[in-house]
Amino acid sequence: MKDGIRESLSAMMDGEASELELRRVLRSEDAALRAEWASLHRNQQVMHDGELPFAGLDISSRVMAAIDDEPSAVKRGSSWRQALTGMAVAASVAAVVVFAGSERMLGGGTSMLAASETSVSSGRVYPAQMSPANGGVPVSAIAGGTPSMSPAVKSEADKRFDVLLRKHTERASLNNGQGFVSYARVVSQESE
Amino acid sequence: MRCRVILAVAALAFSQASWANGPETWLKRMTDSHRTLNYQGVVTYQVDDRLSSFKVSHVVKDGREYESLEALSHGEHEVIRQGHDISCVHPGPELLHLLAGDSPEAKQLQKLYHLSLRESGSVAGRAAIGLSIQPKDVYRLGYRLALDKETGLLLRSEIVNKRGKVLERFEYVVLDLSFDEAALERDESQLIAHPPVGEQGSVPEVNWRVSWLPDGFTPLAVRDQAPSISYTDGLAVFTVFVESTQSAASQSDSHMRRGASVSYSTTHKSRGVRVSVVGEIPMLTARQVALGVEWPE
């Protein structure tokens, strides 16, 4: 896989891919790339709620048609063969965009607080509203149609992250050359 | 006229002095200085538009480190304590320690990152030198550092992604390098040393392995023998946790992000375990490592 494409993929996971990149990847004939995309959401379920994701985004008609024809995307355990079809790729796009958008603190300058109100990874991926075609603006799917997670589950996920991050930081602070100021990462969160 | 030329040459020579040492030498100084110097200061930690500040104290007494980090911004005064034998060498800094000229370690780091020095304004009232560290692949993050010209102490650190977006920023706003043992006695209640350190540690034994790692990452020998393994390339660190899980809520993949830190978790139902990768790395790397964990038969 070309480095440029891989970088786009990485940016997508970080919610920072531009629409232009999204289109470029959509049109890619690179099988490895499509496989990567398919695998990105293999364990995710996409629910449509009767609405078409990407409603405002003008992507290739082939992909739009594929999304139209696909009522509930690719389920867990789908075969690689199926995953590699155009349909699966189209669904992957939806999954990737929402996947990236459901992260905390992602997308055009959303603050941590605002993001954590609306988004936590629930393990399930929902289609969210895409911003209309608008050139170089990062593709982000925060808020919009993302159903909110129950506060209990949300705080559970936060707690787990805190515990693991603290354990990780105990080791990282001795090894990242920055020393124990690394603990600010843990403390700043706990004392919110 | 001649006088002016000489002056200009002298000024040039002076400004070149801090550049005479390569970026690798500065990295080495950085990892030494924060453990061997006495200092107290206020450091800010910024993620997006959120800013927290901390009082940092560090003293070396009788060959042992005493340090504290106290949150100033949120009312609560939580003190994080840590400290250990100054002679205790950790594998991450060890990689950087070995950096010198054209050593294999320096070459290895140069394979992974572009290192360059640049001018930097002063930070916390101290003259600083800028060190830019850019990853050569998509599997790690970049660093923009400002180091104290006199001591090499890290004054400002920005972790940036491939797109140049700053994910988190540490920066001293006040720094006092004359903090000493007398201060230690005054502040003893807040400066607690680490328990005595025995051996250097080893890589924890686990029944799983990672089938994929980005170039240059090696497992860390650690003293806590928790069943998780941390990996470093000398700058970035991430940790792989494998925990048993019964929770139905955590059956599918999930991911979190806070500043430069991310976690990616995936569940292996048949084994009843959840694999989580946590570290200051791109989400793509965390995911790829997490999905690559396997159990040799």
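Throughout, a chain's letter reflects where its sequence line sits, starting with A, and its residues are numbered from 1.
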Under the criterion side chain to side chain contact (heavy atoms under 4.5 Å, CB included), I'd like the reasoning laid out for Val278(B) against Lys167(A): C-alpha separation, chi angles, the key distance, then a yes or no.
CA-CA 9 Å; Val278(B) 178; Lys167(A) 287 182 182 170; over 6 Å; no
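- With a 4.5 angstrom heavy-atom cutoff, Ile229(B) touches chain A only via backbone atoms.
- With rounding to the nearest 0.5 angstrom, the CG atom of Asp162(A) is 4.5 Å from the CZ atom of Arg258(B).
- Across every non-hydrogen atom of Arg171(A) and Ala226(B), the tightest pair is NH2-O, 3.4 Å.
- Between atom CZ of residue Phe161(A) and atom CZ of residue Arg257(B) there is a gap of 9.0 Å, rounded to the nearest 0.5 Å.
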How far apart are the C-alpha atoms of Leu165(A) and Met256(B), what are their side-chain angles, what is the distance that settles it, and do they pass the side chain to side chain contact (heavy atoms under 4.5 Å, CB included) test?
CA-CA 11 Å; Leu165(A) 186 59; Met256(B) 301 284 277; over 6 Å; no
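- With respect to chain A, the highest number of heavy-atom pairs below 4.5 Å among Ser265(B), Ala260(B), Ser261(B) belongs to Ser261(B).
- Rounding to the nearest 0.5 Å places OG1 of Thr239(B) at 10.0 Å from CD of Glu170(A).
- Using modelled atom types and a 3.5 Å distance limit, the side chains of Arg160(A) and Ser276(B) yield a donor-acceptor pair.
- Taking each heavy atom of Val237(B) and His168(A) in turn, the nearest pair found is O-CE1, 3.1 Å.
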